[in-house]
Chemist: 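Okay, handing you the structure first.
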Amino acid sequence: MDTDPVLEEVMSQLGDWGKYQFRQHLYHILAAFLAGMHMLSLTMVAPTPQHRCYIEELDGNTTASPTFNIDSLRPYIPINSENHYDSCEMYNQTTNESVVCGIDEHVFDKTYHDESNVITWDLVCDRRWLRALIQSFYMGGVLLGAFILGPLADKFGRKTIFYISGLIQLCAGLACAFISNFYVYCGILLLYGCFGSGGAYVTGFVLTMELVGPSKRTLCGTAFSAAFAIGVMLDAVWGSMIKNVMVLQTVFALHSLVLVGHWWLVDESIRWLWGQGRTKEALKIAEKAALTNGVHFDDKVELRAVAQQTGSDSNVSFGVSDLFKTRNLRSRTLNVAFNWFSNSLVYYGLSLNTGNLVGNPFLMLFLIGLAELPGYLIVIFFVDITGRRCLCSFLMFVGGFACIIVAFIPKGIAVTVLVLIGKMAIAGSFAIIYNYTAELFPTVVRNSAVGLGATAARFSGLLTPLLTLLDSLDKELPTIIFGGVAVAAALLTLFLPETLHKEMPQTIEDGEHFGIGDTAYKNCFEFMRSNRHGKPNAAENIEAKDRLNPAGSD
């Protein structure tokens, strides 16, 4: 369905931005802050410290801290060519052959982590896949939230799902602190991910995007990503201060109390109420917003709204399947979905593996979160100058290339710097793809397109912990995969049309013809050819083609 002109007139009464939008946005953005904290909480609650086999000769004295000195371990544990001890094998002192130590036969380096769920359940060596499973259950919950809570928010309202998500993430987070059974813990993590990072974040984001004007959507959308990064940074702060895992998880969970008052503070989306035919409720909120902003609400607009006939017979339902029915929309949908998948893969690949960086793990996680903020500033200052396509591709290429380089240099300060650069770049491209997707697709399937992209991102988030297990084949293989996928997505992004300063398509037909022939590669070749022959540049060629062929047919 096309935009309702009366609704747009109602929204225009509020302006793009004012005190009302600012206050509501602050309430909404708390969900993004909490989502970042919950999403990376497992890096502090269930980190994998350095470990080795239990050796009676070294560890028989229970009052002494276990030694991890290479020279002391050399007679008992295999040492590789890089002078690193084996984490899972030891020498049989009778036969002098290396053997794998069994469950609960490990000692852990507690320099940074006195407690960890990994230590409690001995999730190392042959059982390390269970640690990856923990993170995958959480990410699976986020994926489940994208499937379930989005349609529920469309049916029952954004505010309702937003508030319910806040309550359930509080309860699930607290339950995770006190559950001792591994499999029950995984089940609760599914709920924790669904409502902690899947539910409140998405509905809060939609509430803001449906309230603020077009001129503020890029800024507000990027602010959500920045709040997520601040949540990650606070994980590191609490992790460095609280050593008891139960207390630490409880602290993480109690942060969700800030959403409890939202039922009385957050207003329902005016656009959603309007779409449900609840015009009077929508107008009441609009009048309240206008009063808060200090502007006069035109009574004539209200009269036209009340008089308007709702429930038009021309309403037609569209969904995800419509994205694949025509050639150009289909190829664009697959390209965008892969873009979301790749951004998420690298983003969480870098975020969840801070323990592999040399140095204090709390500092590394804090820096990983901090590194995102310059990426968001780049987006805010340059995305309306360079356009969405080029900046998104460039940042994704930088993020992917940084990952690939990391795989071929020794661990140290250079690796840490490259990882931070990669995280900054991929965070920036991830922020762009949200708005870029909404601008690429027509109104009737815009929510479906963003939802499909988010689902692709959640699916890669679920795969990321499992892909890290490939380091058992080659230590650098996961990093190379992350980087290679990002570089491939960066090159494919250049096939998408630019949306800067262009009207967004409304119908399926508009979407099918939108931006035909507008690719970075074609524009580059036309630009070079025009320079050689003194012909008009690529942009002028496209504009001329559009004038001659407004329907965009082949």
Chemist: C186: which residues meet the disulfide (SG to SG under 2.5 Å) condition with it, sequence neighbours left out?
Modeler: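 Disulfide (SG to SG under 2.5 Å) check on C186 returns nothing, list empty.
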Chemist: Return yes if a side-chain donor-acceptor contact under 3.5 Å exists between H38 and Y192, otherwise no.
Modeler: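 On atom types as modelled, these side chains qualify, holding a pair under 3.5 Å.
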Chemist: Just by distance, no angles: are the side chains of N339 and N343 close enough, under 3.5 Å, to form a donor-acceptor pair?
Modeler: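 A donor-acceptor contact under 3.5 Å links the two side chains.
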Chemist: Quick one, F182 and N117 - any side-chain contact, counting heavy atoms below 4.5 Å?
Modeler: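 No, their side chains stay 4.5 Å or more apart.
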Chemist: So, T111 and D109: side-chain donor and acceptor under 3.5 Å apart, yes or no?
Modeler: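 Judged by distance alone, the side chains do pair up.
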Chemist: Between T493 and S393, is there a side-chain donor-acceptor contact under 3.5 Å, judged purely by atom types and distance?
Modeler: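 No, because no side-chain N or O of S393 sits under 3.5 Å from a partner of the opposite role on T493.
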Chemist: List for me each residue that meets disulfide (SG to SG under 2.5 Å) alongside C53, sequence neighbours excluded, and say none if there are none.
Modeler: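 Partners of C53 under the disulfide (SG to SG under 2.5 Å) test: C101.
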Chemist: List for me each residue that meets side chain to side chain donor-acceptor pair (under 3.5 Å) alongside E57, sequence neighbours excluded, and say none if there are none.
Modeler: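 Not a single residue meets the side chain to side chain donor-acceptor pair (under 3.5 Å) criterion with E57.
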Chemist: According to disulfide (SG to SG under 2.5 Å), who are the partners of C220, at least two apart in sequence or on a separate chain?
Modeler: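 For C220 there are no disulfide (SG to SG under 2.5 Å) partners, ignoring immediate neighbours.
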Chemist: If you measure from OH on Y91 to CD1 on I55, what distance do you get to the nearest 0.5 Å?
Modeler: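 Between Y91 OH and I55 CD1, I get 11.0 Å after rounding to 0.5 Å.
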Chemist: Does anything in residues 409-429 form a ring pair (Phe, Tyr, Trp, His ring centres under 6.0 Å)? List the pairs, not counting sequence neighbours.
Modeler: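 Sorted pair list comes back empty.
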Chemist: Atom NE2 of H51 and atom CD of E105: how far apart are they, to the nearest 0.5 Å?
Modeler: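 These two atoms lie 13.5 Å from each other.
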Chemist: For the CG atom of D86 and the CE atom of M90, what is their distance to the nearest 0.5 Å?
Modeler: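 Answer for the CG-CE pair, D86 versus M90, is 11.5 Å.
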Chemist: State which residues pass disulfide (SG to SG under 2.5 Å) with C390; sequence neighbours excluded, sorted by chain then number.
Modeler: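 For C390 there are no disulfide (SG to SG under 2.5 Å) partners, ignoring immediate neighbours.
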Chemist: Please report the interatomic distance NE2(H106) to CZ(R52), rounded to the nearest 0.5 Å.
Modeler: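 Taking NE2 in H106 and CZ in R52, the distance rounds to 11.0 Å.
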